[in-house]
Amino acid sequence: MNLPNKITIFRVILIPVFLILLMVPGIPLGKWIAIFVFIIASLSDMVDGKIARKYHLVTDFGKFMDPLADKLLVCSALIALIDLDKIPAWAVIIIIAREFTISGFRLVASDNGRVIAASMWGKVKTTVQMVTIIYLLTLIAADVKNSTFVLIGNILIGAAVALTVISLIDYMVKNKDVISTSK
């Protein structure tokens, strides 16, 4: 178990910690600490990838677990935000459906000996999703109900959903041959 893989496992372990801090009432500063934990978990994705590439520590485990850990983190946060009435379920359904679709697409490609790397649109989508989640978590922690701040949150949600759809279309168009050459 190399360092990047340990960081990935650490990110997965942080998910229930994040959810407990966010969702369990009465924890002093729980929501603020939840934001900090989410940020640390989000940044750990960048760190483990850089270490893995720089020191040639890329493993099959890391190729599988790293994107899974990211999806678990983002999807857990989004589902919690539905419960906290900060994001509409339809937006989360679109985001999660895209993640399942691309994961399935990558599995088919993998069966054909092909790796589909993250695209620029996918990276931008992930960044905007994480910024949106952090923004919405901050509204919760600060108990902000001001319509201007809520509007900004809604704009961020719209941008995250739009980029989710754009990145899905980008993956499908660039890799359409994966489906036609599948076994």
Side-chain angles (χ1 to χ4, degrees), residues 1-2 4-16 18-19 38-39 41-82 87-136 155-183:
M1 180 74 47
N2 64 31
N5 291 343
K6 288 178 182 176
I7 293 170
T8 297
I9 300 268
F10 174 69
R11 183 163 60 259
V12 173
I13 291 168
L14 285 179
I15 295 168
F18 159 73
L19 291 171
F38 184 85
I39 291 169
S42 298
L43 292 175
S44 75
D45 175 42
M46 184 175 55
V47 171
D48 67 8
K50 285 187 183 211
I51 292 170
R53 287 184 295 278
K54 182 175 181 179
Y55 296 104
H56 308 288
L57 298 172
V58 176
T59 64
D60 287 340
F61 176 83
K63 287 179 192 175
F64 174 76
M65 267 316 283
D66 184 65
L68 181 61
D70 297 339
K71 287 171 184 35
L72 288 170
L73 176 65
V74 169
C75 292
S76 296
L78 290 170
I79 292 167
L81 287 166
I82 292 171
I87 191 167
W90 64 264
V92 175
I93 291 167
I94 290 170
I95 291 168
I96 292 175
R98 181 261 185 215
E99 298 306 335
F100 275 105
T101 302
I102 295 302
S103 294
F105 212 67
R106 283 187 166 138
L107 279 174
V108 171
S110 177
D111 283 349
N112 290 303
R114 189 159 155 206
V115 175
I116 298 177
S119 73
M120 182 269 305
W121 283 110
K123 291 176 182 181
V124 170
K125 176 251 341 159
T126 299
T127 301
V128 171
Q129 285 177 353
M130 290 182 171
V131 167
T132 301
I133 290 167
I134 292 165
Y135 183 84
L136 296 174
I155 291 169
L156 285 170
I157 291 166
V161 170
L163 287 166
T164 296
V165 172
I166 290 167
S167 70
L168 173 64
I169 293 167
D170 180 60
Y171 273 104
M172 300 299 273
V173 168
K174 286 182 179 171
N175 300 289
K176 63 182 174 264
D177 61 306
V178 168
I179 299 299
S180 63
T181 60
S182 65
K183 298 173 186 173

For a quick test of reading the model, state the closest non-hydrogen atom pair linking Ala41 to Arg11 and the distance between them. O-CD, 3.0 Å

Looking at Phe61, I want to see if its CZ is surrounded by more than 12 non-hydrogen atoms of other residues, nucleotides or ligands under 6.0 Å. yes

Testing the basics here: between Asn2 and Leu57, what is the closest heavy-atom pair and its distance to 0.1 Å? ND2-O, 3.0 Å

Using 0.5 Å steps for rounding, measure from the CE atom of Met46 to the CD1 atom of Ile51. 10.5 Å

Are any non-hydrogen side-chain atoms of Asn175 and Arg114 less than 4.5 angstrom apart? yes

How many angstroms lie between CG in Asp48 and CG in Asp66, if you round to the nearest 0.5 Å? 4.5 Å

CD1 of Ile133 to CG of Leu81: how many Å apart, nearest 0.5 Å? 6.5 Å

Would you say the side chain of Ile157 lies within less than 4.5 Å of the side chain of Pro88, judging by non-hydrogen atoms? yes

Provide the closest heavy-atom pair for Ile82 versus Ala89 in the form atom of the first, atom of the second, distance. CD1-CA, 3.8 Å

Closest non-hydrogen atoms of Gly122 and Ser167, given as atom of the first, atom of the second and distance, are N-CB, 3.9 Å

With a 4.5 Å limit on heavy-atom distance, are the side chains of Phe105 and Thr101 in contact? no

Would you say the side-chain atoms of Thr59 and Asn5 include a donor-acceptor pair closer than 3.5 Å? yes

Under a 3.5 Å cutoff, is there a donor and acceptor pairing between the side chains of Thr164 and Arg98? no

Criterion side chain to side chain contact (heavy atoms under 4.5 Å, CB included) against Thr132, the qualifying member of Val161, Ile95, Leu156: Leu156

For the residue pair Met130 and Phe38, establish whether any side-chain heavy-atom pair is separated by less than 4.5 Å. yes

Separation of Met1 CE from Lys6 NZ (nearest 0.5 Å): 8.0 Å

Side-chain contact test, heavy atoms from C-beta onward, threshold under 4.5 Å: evaluate it for Leu168 versus Lys125 and give yes or no. no

After noting the C-alpha distance and the side-chain angles of Arg106 and Tyr171, does the key distance pass the side chain to side chain contact (heavy atoms under 4.5 Å, CB included) rule? CA-CA 10 Å; Arg106 283 187 166 138; Tyr171 273 104; 3.0 Å; yes

Gap between atom CD1 of Ile39 and atom CD1 of Ile134 - 0.5 Å precision: 4.5 Å

Full working for side chain to side chain contact (heavy atoms under 4.5 Å, CB included) between Ile96 and Ile79: CA-CA 10 Å; Ile96 292 175; Ile79 292 167; 4.0 Å; yes

Short side-chain to backbone donor-acceptor contact, Asn112 and Val108, under 3.5 Å: yes

If every non-hydrogen atom of Asp170 is compared with every non-hydrogen atom of Ser119, which pair is closest and at what distance? OD2-OG, 3.3 Å

Do Ser76 and Leu19 touch side chain to side chain, with heavy atoms closer than 4.5 Å? yes

Between Pro67 and Gly62, what is the shortest heavy-atom contact and its length? CD-O, 3.8 Å

So, taking the atom named OG in Ser42 and the one named CZ in Phe18, what distance separates them when rounded to the nearest 0.5 Å? 8.5 Å

